[in-house]
Amino acid sequence: MHAVLVEPFTVPFMGRALAELLLLALLAGVVSAFVLIRRLGFVADTMTHTVFPGVVVGFLSGGPGGVFPGALAAAAVTAVLLTLLTRSRRVTDDTALAVLLAAMFAVGVALVSRRASYRADLTAFLFGRLLTVTPTQLAQTAAVAAVVLATLAALAKELRLRAFDPQAAAAMGYRVWLLDLTLNLGVALVVVAAAQAVGTILVVALLVVPAATGRLVSDRLAVIAAVGVAAAALAGYLGLAVSYHASVTHGVRLAGGGTVVLALVALYLLALLVAPVRRLATRGSADAVG
């Protein structure tokens with residue numbers, strides 16, 4: 001049993017993939033809690049598409065090494081534009097998101113269509129290359145995680161107040177637009193950090209499912225974040241182990257990123273089944289005490 005659990009991660013590329021997923025679990029698990037309380041699931045989905053033109057420009061100008069800075073620039077532009085558009089009373093949030101998604105993703109597609117020879121490489125960015133994570137990518141993810149988590153820790157009280165009572169936050173002198181921009185940038189940075197590993201299409205699962213799992217366990221933000229981190233980390237481990245043994249032992253090729261997301265969804269469904277039982281047990285204990 002020990003060999004089955006540990007053996008895959010003695011292989012260097014598997015060890016790097018697991019390290020990347022654990023970093024992403026810590027980062028996305030916390031950010032997803034704020035995404036949940038602000039109901040920004042569609043924002044997360046939009047961000048995964050709007051970084052695409054930056055990825056294309058970065059790749060065309062600097063090869064694989066240009067992907068991260070290109071995506072970072074596009075993510076920052078998206079976060080700023082989204083914050084500005086949603087401040088206008090004439091533009092609804094869903095309209096702003098739809099316009100940004102359509103416009104920026106279309107720019108990326110148009111750029112790719114001009115360079116047919118790069119299509120395969122850029123398509124891989126949509127679905128990820130988890131098993132080819134490099135030490136440089138690990139360092140980039142660690143840096144993003146440190147910046148985002150430190151920022152959220154410093155502004156946690158203000159961001160909670162903004163989520164539950166924006167009028168009170170404004171009355172107390174907080175710049176609501178600046179808090180919105182901070183959270184939008186945090187979501188964008190998660191997308192940038194995770195995209196090369198699990199792909200932009202699957203990043204949204206990391207930004208939504210961990211907190212959704214935590215919400216089934218508790219109403220407290222800290223607990224939701226902690227459960228989300230644990231669920232994402234466990235899913236990363238299980239997904240990688242399953243894809244490795246399926247490929248090596250049984251000759252069945254399973255994409256690592258997709259398998260990780262399926263494991264994460266399975267953990268959510270398990271929590272969904274267990275949650276009613278937990279609530280009944282808690283209610284029964286309270287009645288007994290009463």
If two hydrophobic side chains count as joined below 4.5 Å and joins carry through other members, does [X] share a cluster with [Y]?
| X | Y | result |
| --- | --- | --- |
| Val192 | Leu81 | yes |
| Leu149 | Leu36 | no |
| Leu240 | Val11 | yes |
| Phe164 | Leu155 | yes |
| Phe52 | Val107 | yes |

To the nearest 0.5 Å, what is the distance between [atom1] ([X]) and [atom2] ([Y])?
| X | Y | atom1 | atom2 | answer |
| --- | --- | --- | --- | --- |
| His49 | Thr78 | NE2 | OG1 | 12.0 Å |
| Thr182 | Leu152 | OG1 | CG | 9.0 Å |
| Leu262 | Leu238 | CG | CG | 12.0 Å |
| Leu272 | Leu267 | CG | CG | 12.5 Å |
| Leu269 | Leu264 | CG | CG | 10.0 Å |
| Arg162 | Arg38 | CZ | CZ | 4.0 Å |

Please report the closest heavy-atom contact between [X] and [Y], naming both atoms and the distance.
| X | Y | answer |
| --- | --- | --- |
| Leu207 | Ala44 | CD1-CB, 3.7 Å |
| Pro210 | Ala205 | CD-O, 3.3 Å |
| Val204 | Gly41 | CG2-O, 4.3 Å |
| Leu82 | Met47 | CD2-CE, 4.2 Å |
| Leu130 | Gly257 | CD2-N, 3.9 Å |
| Val55 | Ala71 | CG2-CB, 3.8 Å |

So, Asn184 and Thr83: side-chain donor and acceptor under 3.5 Å apart, yes or no?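 There is such a pair between these side chains.
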Does one side chain, of Thr259 or Ser243, offer a donor that lies under 3.5 Å from an acceptor on the other?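 No donor-acceptor contact under 3.5 Å links the two side chains.
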The single option from Ile224, Leu221, Val227 passing side chain to side chain contact (heavy atoms under 4.5 Å, CB included) against Arg215: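 It is Ile224, the one option of Ile224, Leu221, Val227 that forms the side chain to side chain contact (heavy atoms under 4.5 Å, CB included) with Arg215.
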Kindly state whether the ring of Phe9 and the ring of Tyr244 have centres lying under 6.0 angstrom apart.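 When the ring centroids of Phe9 and Tyr244 are compared, they turn out to be at least 6.0 Å apart.
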Evaluate the side-chain proximity of [Y] to [X]: yes if any heavy-atom separation is below 4.5 Å, no if none is.
| X | Y | value |
| --- | --- | --- |
| Phe13 | Thr132 | no |
| Leu138 | Val133 | yes |
| Leu159 | Ile37 | no |

Only pairs under 3.5 Å count here: list side-chain donor-acceptor contacts from residues 165-175, not counting sequence neighbours, and write none if there are none.
unit_1, atom_1, unit_2, atom_2, d
Asp165, OD1, Ala168, N, 3.1

Atom pairs and distances, side-chain donor-acceptor, residues 17-32, under 3.5 Å, sequence neighbours left out:
unit_1, atom_1, unit_2, atom_2, d
Glu20, OE1, Thr141, OG1, 3.1
Glu20, OE2, Thr141, OG1, 2.8
Ser32, OG, Ala28, O, 3.0
Ser32, OG, Gly29, O, 2.9
Ser32, OG, Ala211, N, 3.3

Leu181: which other cluster members, linking ILVMFWY side chains closer than 4.5 Å, directly or transitively?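 Members besides Leu181, by chain and number: Val80, Leu84, Trp177, Leu178, Leu185.
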